[in-house]
There are 2 protein chains.
Amino acid sequence: MDTIGFGQHDHSSCMRAALAAVENYCTEHKLQFTPVRRRVLEILLARHRAMGAYEILDTLRDEGLGSQPPVAYRALDFLVSHGFAHKIERLNAFVACTHPGQDHTPAFLICRNCDAVAEAHAEPSRGMLGRAATDTGFSIEQAVVEALGLCPDCRKGAPACA
Amino acid sequence: MDTIGFGQHDHSSCMRAALAAVENYCTEHKLQFTPVRRRVLEILLARHRAMGAYEILDTLRDEGLGSQPPVAYRALDFLVSHGFAHKIERLNAFVACTHPGQDHTPAFLICRNCDAVAEAHAEPSRGMLGRAATDTGFSIEQAVVEALGLCPDCRKGAPACA
DNA sequence: TTGATAAATGTAACCCTATAACATATCAAC
DNA sequence: GTTGATATGTTATAGGGTTACATTTATCAA
């Protein structure tokens, strides 16, 4: 199972691996992995949680990489449109993808207590939703699947699982 | 199959039925179905599509029922929290529930061309998402399931299906 | 029926999220 | 090295949502 995001793991190596994968993908597909785009991805990877665009922008501003909203949104658009990051609609926030490069429909498990986010796979064309779509003649192109609840740590009674 | 929302149907009777169901539910549960709350639900039922809070507020203002955002948001909170309406996260908009009173996890089919929305049932605890949750020890309390694509009418080449 | 409590409304001000528009710079390829 | 496309800098503004507080209306028990 490749659900990750809860529990401990070797963070610096997961970050390096993701960056390398994105770098390769961009080279292969002739995409410009510019400093701002790279830095935004790094920020998302480092925090390893859902971040608002303005929170990201604060960091960019501190580093002199840009100070106006479009700077952050443009970088995020690039990352999201190529599957390097995802938007969590429920939080109006963004997370780095945990398996960039692979074609996939992400599903998220969002902790309502500590805002931790884990990414899993969804198969929108299967199950009830797929059946409803087929029955009505609706063609699914994209899906938002986000579950809210309590992550393992917060269930264990941690008052606020940092 | 109880996916509805695409295609024709007897609209005034579907609206009356929904209002009656909500009225009953409120009486039984001693909830105050006040004029503003009722009117907001009526507006959502009448338009039969996803509407932004400010769009609803415009109508309320025209009718002298309130002019500030909290008026609309409070009514919507009431409707959503009791399952009489749902929020479409992807659109930052709201729709009337098509089967109020019944306990359910809604899933939506959203047309990217004409913004029509159909409500279906989801079963978040089943399928891939449920497995991912079980595996990681995450407890799902709520789910957002929204598919984007083309509705039957728009697929048939209608340049903009009303 | 009155008084206490809880629930709902009115209103002003504000915060967060996101995009439009336009000028400038940089890149990629011929 | 010129050109066309792509990316960035910046200003202003649109859109969505909440806080806070005063006021009113409903509920229910004494």
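Below, read A as the first sequence line, B as the second, and so on, with proteins coming before strands; counting in each chain starts at 1. Computed over heavy atoms, backbone and side chain alike; hydrogens, waters and symmetry mates excluded.
Recorded end-axis angle for the helix from dT1(C)-dA30(D) to dC30(C)-dG1(D) stands at 40°, based on five pairs per end and rounded to 10 degrees.
Of all the heavy atoms in Val117(B) and Ala50(B), the pair that sits closest is CG2-CB, 4.1 Å. When all heavy atoms of Leu79(A) and Leu41(A) are compared, the pair lying nearest together is CD1-N, 3.8 Å. A pairwise comparison of heavy atoms in Leu76(A) and Ala53(A) identifies CD1-CB, 3.8 Å as the closest pair. Scanning all heavy atoms of the two residues, the minimum distance from Cys111(A) to Cys151(A) falls at SG-N, 3.4 Å.
Counting only residues at least two apart or in different chains, side chain to side chain donor-acceptor pair (under 3.5 Å) contacts with residues 34-43 of chain B comprise Glu23(B)-Arg38(B), Arg38(B)-Glu42(B), Arg39(B)-Glu42(B), Arg39(B)-Glu63(B). Residue pairs meeting the side chain to side chain donor-acceptor pair (under 3.5 Å) criterion with at least one partner in residues 72-97 of chain B, sequence neighbours excluded, are Gln142(A)-Arg90(B), His86(B)-His104(B), His86(B)-Glu119(B).
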Enumerate all atom pairs, one protein N or O and one N or O from nucleotides 7-14 of chain C, separated by less than 3.5 Å.
unit_1	atom_1	unit_2	atom_2	d
dA7(C)	O3'	Gln32(B)	OE1	3.3
dA8(C)	OP1	Arg37(B)	NH1	3.0
dA8(C)	OP1	Arg37(B)	NH2	3.4
dA8(C)	O5'	Arg37(B)	NH2	3.4
dT9(C)	OP1	Thr34(B)	OG1	2.8
dG10(C)	N7	Arg74(B)	NH2	2.7
dG10(C)	O6	Arg74(B)	NH1	3.3

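When the ring pair (Phe, Tyr, Trp, His ring centres under 6.0 Å) test is applied to Phe138(B), the partners found at least two apart in sequence or on another chain are Phe6(A). Residues satisfying the side-chain hydrogen bond (donor to acceptor under 3.5 Å, both in side chains) criterion with Asp58(B), sequence neighbours excluded, are Arg61(B).
The nearest whole Å value for the distance from the CG atom in Asp77(A) to the P atom in dT19(C) is 7 Å. As a whole-Å value, the separation of Tyr73(B) OH from dC15(C) C1' is 13 Å. Spacing between atom CD of Glu89(B) and atom P of dT17(C) amounts to 14 Å, rounded to whole angstrom units.
Linking ILVMFWY side-chain heavy atoms closer than 4.5 Å, directly or via other members, places Leu150(B) and Leu129(A) in two distinct hydrophobic clusters.
The footprint of chain A on DNA chain D, defined by a heavy-atom cutoff below 4.0 Å, extends from dT6(D) to dT11(D).
Two residues are said to be in side-chain contact when any heavy atoms from C-beta on lie closer than 4.5 Å; Leu57(A) and Pro69(A) meet this criterion.
When each of Phe94(A) and Lys30(A) is assigned the nucleotide of DNA chain C with its nearest heavy atom, Phe94(A) is the one assigned upstream, toward the 5' end.
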